[in-house]
Amino acid sequence: MTSPAAPIVCIGGLNIDRKLKLFARSLHGSSNPCESHETPGGVVRNVAENLARLGLPVSLVAAVGDDAGGRMLLEQAATVGIDMRAVIRLRRHASDSYTAVLAPDGSLELGLAAMPLVESLNPWALAASQALRASAALVVADGNLPTDAWPLLLGEARASGIPLVGVAVSEAKMERLPHDLQGLHLLVMNAGELATVAADPNEAFDALHARGVGCVLVSKGAAGLLLSTPGRAPRHWPAPQVEVMDVTGAGDALSAGVCASLLNDPDDFDAAARLGLDLAALTLQTEDSVHGDLNPDFLTTR
């Protein structure tokens, strides 16, 4: 797979990830011993870092504070090769943060998102990066974006034909997506997020396609994923079996692998599913949100 001249533009969350892993089952209302780990995070930021480590050109559109955490986020992103020129720096603000409380087996017990800065990515703020998106090979937007950002991005996708990939971030933020999703090439989500559309998965797939989504990819964790396109029964892809160290970031790696594959062929969703699952499996085996040893060789060996 060769690197395209046009960048992948990633829009959405940029924050500090704080992970607290419990030594034993949590006791409500009591002090619980744990170990802590802090890394750069944010769904679309994690997607961007995965893509950059794969050797692909990536630009990030996000918002960051002027605190120590913000400076760390900017410096680390530059180190791995993410273009940060479109990131908005907000003075006198703390950077967004996400705190994950993990069970001893690495599964998520509780997630706490303090992310007011991403709300600043409204149509007025996004106008500054319109030219960047117009020259992109692919645009990726996460569900942290405010509601009024989506009609702008969807309209641009319809007008330009540049594939737009949406990455859901939580069940609570699914309501930010507008009803009309014409222009959304692919929506990546998990089973809980799919259930906010309809209780029956097949009804949910049909509803999303009726709203305009071209392809829906649903991660089911260790059970693999489901892939749905209009007029065809959903396909199941099993997940590689690995020893899980930490689930945080695995979904973002899945999305990154999917996007990397779509650069090669925007309509080969089966190949995208395979690469996404492989990259997620790698990420499950590290406590970092993005695997530190990831490099362009990952693409050439698949």
*Is Ser120 close to Leu90 at the side-chain level, that is, under 4.5 Å between some pair of heavy atoms?*
yes
*Student check: side-chain heavy atoms of Arg158 and Gln182 closer than 4.5 Å*: yes
*Not counting sequence neighbours, which residues clear side chain to side chain contact (heavy atoms under 4.5 Å, CB included) with Pro234? List them please.*
Asn202, Phe205, Ser228
*Calculate, to the nearest 0.5 Å, the distance between atoms CD and CG belonging to Glu156 and Leu126 respectively.*
8.0 Å
*Where the side chain of Thr79 meets the backbone of Glu75, is there a donor-acceptor pair that is under 3.5 Å apart?*
yes
_Which residues pass the salt bridge (charged side-chain N to carboxylate O under 4.0 Å, His left out) test with Glu203, not counting sequence neighbours?_
none
*Residues clustered with Leu22, ILVMFWY side-chain links under 4.5 angstrom*: Val101, Leu110, Leu112
*Would you kindly confirm whether Leu153 and Val9 end up in one hydrophobic cluster when ILVMFWY residues are joined by side chain heavy atoms under 4.5 Å apart?*
yes
*Flag yes if Val188 and Leu60 sit in one hydrophobic cluster, no otherwise; membership is Ile, Leu, Val, Met, Phe, Trp, Tyr, and two members link when side-chain heavy atoms are under 4.5 Å apart.*
yes
*State the NZ-CG distance between Lys19 and Leu102, to the nearest 0.5 angstrom.*
7.5 Å
*Side chains of Arg18 and Glu38: closer than 4.5 Å at any heavy-atom pair?*
yes
With a cut-off of 3.5 Å and sequence neighbours excluded, list every side-chain donor-acceptor pair involving residues 138-148.
{"from": "Asp142", "atom 1": "OD1", "to": "Asn144", "atom 2": "N", "distance (Å)": "2.9"}
{"from": "Asp142", "atom 1": "OD1", "to": "Asn144", "atom 2": "ND2", "distance (Å)": "3.4"}
{"from": "Asp142", "atom 1": "OD2", "to": "Gly13", "atom 2": "N", "distance (Å)": "2.9"}
{"from": "Asp142", "atom 1": "OD2", "to": "Val44", "atom 2": "N", "distance (Å)": "3.1"}
{"from": "Asp142", "atom 1": "OD2", "to": "Asn144", "atom 2": "ND2", "distance (Å)": "3.3"}
{"from": "Asn144", "atom 1": "OD1", "to": "Lys173", "atom 2": "NZ", "distance (Å)": "2.8"}

*Do you know the tightest heavy-atom contact between Gly42 and Asp17?*
N-OD1, 4.1 Å
*asked:* I'd like to check Leu184 versus Leu154 (side-chain heavy atoms, cut-off strictly below 4.5 Å). Are they in contact?
replied: yes
*side chain to side chain contact (heavy atoms under 4.5 Å, CB included) with Asn190: which residues, sequence neighbours excluded?*
Glu193
*Might you confirm whether atom NE2 of His37 has over 12 heavy atoms from other residues, nucleotides or ligands at distances under 6.0 Å?*
yes
*Closest non-hydrogen atom pair between His185 and Leu262, with its separation*: CD2-CD1, 4.4 Å
*asked:* Is there a path of hydrophobic side-chain contacts, each under 4.5 Å between heavy atoms of I/L/V/M/F/W/Y residues, joining Val167 to Met115?
replied: no
*Could you walk me through whether Leu14 and Leu117 pass the side chain to side chain contact (heavy atoms under 4.5 Å, CB included) test, one step at a time?*
CA-CA 9 Å; Leu14 171 64; Leu117 298 195; over 6 Å; no
_Do Val169 and Val64 land in one hydrophobic cluster if side-chain heavy atoms of ILVMFWY residues count as linked below 4.5 Å?_
yes
_side chain to side chain contact (heavy atoms under 4.5 Å, CB included) partners of Asp293, counting only residues at least two apart_ = His291
*asked:* Using the salt bridge (charged side-chain N to carboxylate O under 4.0 Å, His left out) criterion, which residues pair with Glu119? Sequence neighbours excluded.
replied: Arg176
*So with a 6.0 Å cut-off around CE of Met174, is the heavy-atom count from everything else above 12?*
yes
*Euclidean distance, Leu54 CG relative to Cys259 SG, rounded to 0.5 Å*: 11.0 Å
*side chain to side chain contact (heavy atoms under 4.5 Å, CB included) involving Asp252 - partner list, sequence neighbours excluded*: Val43, Asn46, Val47
_Between Val247 and Leu284, is the side chain to side chain contact (heavy atoms under 4.5 Å, CB included) condition met? List the steps._
CA-CA 5 Å; Val247 298; Leu284 286 168; 4.2 Å; yes
_Any non-hydrogen side-chain atom of Arg45 less than 4.5 Å from a side-chain atom of Asn15?_
no
*State, to 0.1 Å, how close Leu20 and Ser36 come at their nearest heavy-atom pair, and which atoms those are.*
CD2-CB, 3.6 Å
Can I get a per-line list of side-chain donor-acceptor pairs under 3.5 Å for residues 210-227, giving both atom names and the distance, sequence neighbours left out?
{"from": "Arg211", "atom 1": "NE", "to": "His179", "atom 2": "O", "distance (Å)": "2.9"}
{"from": "Arg211", "atom 1": "NH2", "to": "Pro178", "atom 2": "O", "distance (Å)": "2.8"}
{"from": "Ser219", "atom 1": "OG", "to": "Gly221", "atom 2": "N", "distance (Å)": "3.4"}

*asked:* Any side-chain to backbone donor/acceptor pair from Glu109 onto Ser107? Under 3.5 Å, distance only.
replied: no
*Working to the nearest 0.5 Å, report the span between CG of Leu263 and CG of Leu299.*
9.5 Å
*Quick one: closest heavy-atom pair of Ile162 and Ala134, and the distance?*
CD1-O, 3.5 Å
*When rounded to the nearest 0.5 angstrom, what distance separates CG in Leu74 from OG in Ser95?*
7.5 Å
_Quick check: do Ile11 and Arg133 have side-chain heavy atoms less than 4.5 Å from each other?_
yes
Side-chain atoms of residues 266-279: list all donor-acceptor pairs with protein atoms under 3.5 Å, sequence neighbours left out, distances to 0.1 Å.
{"from": "Asp268", "atom 1": "OD1", "to": "Ala271", "atom 2": "N", "distance (Å)": "3.1"}
{"from": "Asp270", "atom 1": "OD1", "to": "Arg235", "atom 2": "NH2", "distance (Å)": "3.2"}
{"from": "Asp278", "atom 1": "OD2", "to": "Arg302", "atom 2": "NE", "distance (Å)": "3.3"}

*Report the residues that fulfil side chain to side chain donor-acceptor pair (under 3.5 Å) with Thr99, sequence neighbours left out, ordered by chain and then residue number.*
none
*Report yes if some heavy atom in the side chain of Met189 is under 4.5 Å from a heavy atom in the side chain of Leu208; otherwise report no.*
yes
*side chain to side chain contact (heavy atoms under 4.5 Å, CB included) between Val165 and Val258, intermediate numbers included*: CA-CA 10 Å; Val165 175; Val258 166; 5.7 Å; no
*Heavy atoms only: give me the nearest Gly69-Ile16 pair and the separation to one decimal.*
O-CD1, 3.7 Å
*same_hphob_cluster(Tyr98, Leu73) at 4.5 Å side-chain heavy-atom cutoff*: no
*Can you name the residues that form a salt bridge (charged side-chain N to carboxylate O under 4.0 Å, His left out) with Arg91, not counting sequence neighbours?*
none
*Nearest heavy-atom pair of Gly183 and Leu164: which atoms, and what distance?*
O-CB, 3.8 Å
*Which distance, rounded to the nearest 0.5 Å, do you find between the CG of Leu51 and the CZ of Arg53?*
12.0 Å
_Min side-chain heavy-atom separation Met72-Pro40 under 4.5 Å_ = yes
